[in-house]
Amino acid sequence: MRPALTPTSRWSLLLRGAVIAWMLLLVVLPLVALAIHGLRSGVPFFWAAITEPQAKDAVALTLWTALLISLINAVLGTATAWLITRYRFRGRRLLATLIDLPLAIPTLVTGIMLVVLFGPMSPLGAWFEGHGIYVAFHSPIIVLALGFVTLPFSVRMVQPVLADMDRAEEEAAASLGASRLVTFLRIIWPSIGPAVLGGALQTFARAMAEFGSIVVVSGNVPHETLTAPVYIYGQVESGDSHGAAAVALALVTLSLLVTLFSKLMVRWGVRRHA
Amino acid sequence: MGIVVEHLCKRFGDFVAVDDVSLRVERGQLAAMLGPSGGGKSTILRMIAGLEKADSGTVELGGARVDHMHTRDRQVGFVFQHYALFRHMTVEKNVGFGLSVRKVPEDEKRARVNEMLKLMNLTGFEKRYPDQLSGGQRQRVALARALAPRPRLLLLDEPFGAVDAKVREELGRWLRNLHDELDVTSIFVTHDQEEAFSLADKVMVIAKGRLEQSGQPVDILDQPATEFMARFVGDANVFDSVVRDGVALVGRVAVPVRGFEDGSAVRLVIRSYDLKFFKQEDGPAIVHRMLYLGDRVKVDASIEGAGPIFAQFPRRSSLLRGIEPGCRIGIEVTLARAFAKP
């Protein structure tokens, strides 16, 4: 039975309405607008726009760099979280602060810092080039830039879960004869796995969207270092809002699919280990 | 498997947790480590298990030094204070863990798990997760898990600390029976005197990182080796006095003391059940309060010129006849322990 509306629940209705309206305005309407715009000239046009070689290469570049940095973050982020929760050492607090720093730095600034550091005129960049490794204006620097802007995501997802774990479970496993590896796989991983996956996801979504630092560091050479967001920006600039919307729609769809997929994975994992 | 510990030391930073402790437990014994919390009991237990590394000293299990052996190779069953069950595994998987990491064949493992569950009265709970069990059930799962791989040694850290008093007593008796059925040597850590004295073959009292005294429960109770022991076990009254002609005066109460020269300053420790109170018009003490504690009565009095004293009597004791708050009493000390005053 539903209780009669009290002033409080009338407030809650109002609040609910306001939140939903805000969400509509911010999230749903723009997405719908994008979908309509991208598909306005029909599916064949949409298909042509996203399979156009430059667009295809741009999306592919964005996808593999985002996937790579997600993997790197999953491993290094977890290791970092492990280090700051499990060990007490000089500089631990400083390290914990440094991890969040990238969030406070505008991405354009990130790009400039990296170019200054790795550009061909810099000693470090020159040294790398001397060894045949091209960092600036090539894919390595794209991955570095993505790594910088997504640095805290995995660490901050995994850290609280690790801090919350009962160390005695690991001791129990050891006393029952488990090696370190078995203890990690069977005791620790089931607890932190969803968080590691969640951090990788956040990284992936953020990396797919990154523009500010990439546009500065990558050189934006079509088919080579032109990422999807930068390609879309180019299309908009040259007046092809249709093509831009089509590729943008493809990017958004991919991103949503990945998000959905890993949300399901996490839920599945949680249910299995509840 | 017997346990021999020699000169064990452990510091945490500046804090000395364990200070030169040597102890031994014979094969098949159920021993208790008793003492106030923070006294180092758990640390000693963890060092025996290899969960903590000793700064110095040695641990021998079954005649072999194990100091450099990892926990997983010591064949020790450990029951943790808060159970430490694997929360994402079912009861069955928890109990079978020690067998599956040792690569015991599947059918043998299943048989052993079922045997343990039956022994622990947990049949029917195989598929439950730890958070779907009561405290007592979790405790039994923890025990089943520790015992499944047939350890030579069972170590229990405050095994009944997290369950309520009634269940605690029951689990205690049940642990004693279980220990007697299995061929295992056990040590459990507790701060509960009754638990230690009623269950264990041997009690080792640990305080401030040192072994104060160890022995059979009766010996610990009746022959405290130090002032600390005399005060620690049971409830005790403490008075300072000086010996004259084999007697120490507490107010006007004469307490016989042996083994001290005339004029030596002594500290007297008198347990609350080593006293007799009787009504006496010009007695040296006055009764203040009488507390009825179920089957016992606690009487608070004060000795003129010496301070408060309390005693405990059975509820229907003839010693209580005529005694009420405000009356004057005489006191007879049936047993006092005297120690040189520090």
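These values consider heavy atoms only, across backbone and side chains, with no hydrogens, waters or symmetry-generated copies. Keep in mind that what you see is a predicted model, and the values were worked out from it rather than measured.
The CD atom of Glu115(B) sits 9.0 Å away from atom NZ of Lys118(B), with the distance rounded to the nearest 0.5 Å.
Heavy atoms closer than 4.5 Å to chain A are found in both the backbone and the side chain of Phe86(B). With a threshold of 4.5 angstrom between heavy atoms, Leu85(B) approaches chain A through N, CA, C or O but not through any side-chain atom. With a 4.5 angstrom heavy-atom cutoff, Arg74(B) does not touch chain A via any of its atoms. Heavy atoms of Arg186(A) lying under 4.5 Å from chain B belong to its backbone as well as its side chain.
Residue pairs meeting the salt bridge (Lys or Arg N to Asp or Glu O under 4.0 Å) criterion with at least one partner in residues 84-94 of chain A, sequence neighbours excluded, are Arg86(A)-Glu170(A).
Counting only N and O atoms by type, the side chains of Arg87(B) and Ser191(A) include no donor and acceptor under 3.5 Å apart. Side chains of Thr203(A) and Asn73(A): a donor on one and an acceptor on the other come within 3.5 Å.
Side chains of Met47(B) and Lys53(B) form no contact here, defined as non-hydrogen atoms less than 4.5 Å apart. Using a 4.5 Å heavy-atom threshold, the side chains of Val66(B) and Glu60(B) count as separate.
Contact count against chain A (heavy-atom pairs under 4.5 Å) is highest for Thr71(B) among Thr71(B), Thr90(B), Leu99(B), Val79(B).
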Original post:
Step by step, would you call Thr58(B) with Asp67(B) a side chain to side chain donor-acceptor pair (under 3.5 Å)?
Top reply: CA-CA 6 Å; Thr58(B) 61; Asp67(B) 307 289; 5.1 Å; no
**OP:** Output, in order, the C-alpha distance, side-chain angles, deciding distance and verdict of side chain to side chain donor-acceptor pair (under 3.5 Å) for His191(B) and Ser37(B).
**Re:** CA-CA 7 Å; His191(B) 59 257; Ser37(B) 17; 5.3 Å; no
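By a heavy-atom distance cut of under 4.5 Å, Asp164(A), Met165(A) are the residues of residues 153-165 of chain A near chain B, going up by number.
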